[in-house]
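Worth knowing before you read on, the calculation uses all heavy atoms, side chains too, and leaves out hydrogens, waters and symmetry mates.
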Amino acid sequence: MRDNLSFMADFRPLNDTELAAITRVQAIFRGKHLIPCTSCRYCTDGCPKHIAIPELFVAMNDRQMHPDGNADYAAHTAPGRRASDCVKCGKCERACPQHLPIRQLLQRAAHEFEKA
């Protein structure tokens, strides 16, 4: 414990320049409108369709960050477990500690990745 505490002996808070840099980076990320899912998987426990919700959200965020990339939603789902297979029961949203509108986000994922 002393060794861990000694690490902070010369602690200096961030200066104004460093704080400003952090604020700029935060603004950039907020402007990307990413899904703030922490992949805790609480949403998947009660899903009657066993949809890989966190993986879909990772793919959505990847697509947002890298529009020319190859975010492939299909790689994260099995047949019958697509975003469009959601029955909108709401169990996922009741379990989500981030209070995400998961059903709405799954509709977006289906629209984005299930284009025919």
Do D85 side-chain atoms and R81 backbone N/O form a donor-acceptor pair below 3.5 Å?
yes
Measuring from C37:SG to E55:CD, what's the distance to the nearest 0.5 Å?
8.5 Å
K88/E93 ion pair, N-O < 4.0 Å
no
Just verifying a value: how many Å separate L34 CG and M60 CE, rounded to the nearest 0.5 Å?
10.5 Å
Heavy atoms of R41 and P54 approach each other most closely as NH1-CG, 3.5 Å
Nearest-0.5 Å distance that lies between atom CD1 in I28 and atom OG1 in T23:
11.0 Å
Atom pair SG/CZ of C92 and R103 - distance to nearest 0.5 Å:
6.5 Å
I need the F113 CZ to R63 CZ distance, nearest 0.5 Å.
4.5 Å
Closest contact, heavy atoms only, P36 versus Q98:
O-CG, 3.7 Å
Do I51 and L56 have side-chain heavy atoms sitting under 4.5 Å apart?
yes
Donor-acceptor contact present, side-chain N61 to main-chain I35, <3.5 Å
yes
Is the number of heavy atoms from other residues, nucleotides or ligands under 6.0 Å of D16 CG greater than 12?
no
Under a 3.5 Å distance rule, please check whether Q64 uses its side chain to pair with a backbone N or O of K32 as donor and acceptor.
yes
Decide yes or no for H50 and T44: does some side-chain heavy atom of the first lie under 4.5 Å from some side-chain heavy atom of the second?
no
For E114 and S84, indicate whether the former's side chain and the latter's backbone hold a donor-acceptor pair under 3.5 Å.
yes
Could you report the tightest heavy-atom contact between P13 and E18, atom names first, then the distance?
O-OE1, 4.5 Å
Is M8 reachable from L14 through a run of I, L, V, M, F, W or Y residues, each pair having side-chain heavy atoms under 4.5 Å apart?
no
Shortest non-hydrogen contact from R94 to C89?
NH1-O, 3.5 Å
Please answer: with hydrophobic residues joined when any side-chain heavy atoms are less than 4.5 Å apart, are I53 and Y42 in the same cluster?
no
Once you round to the nearest 0.5 Å, how far does CZ of F29 lie from CZ of R24?
14.0 Å
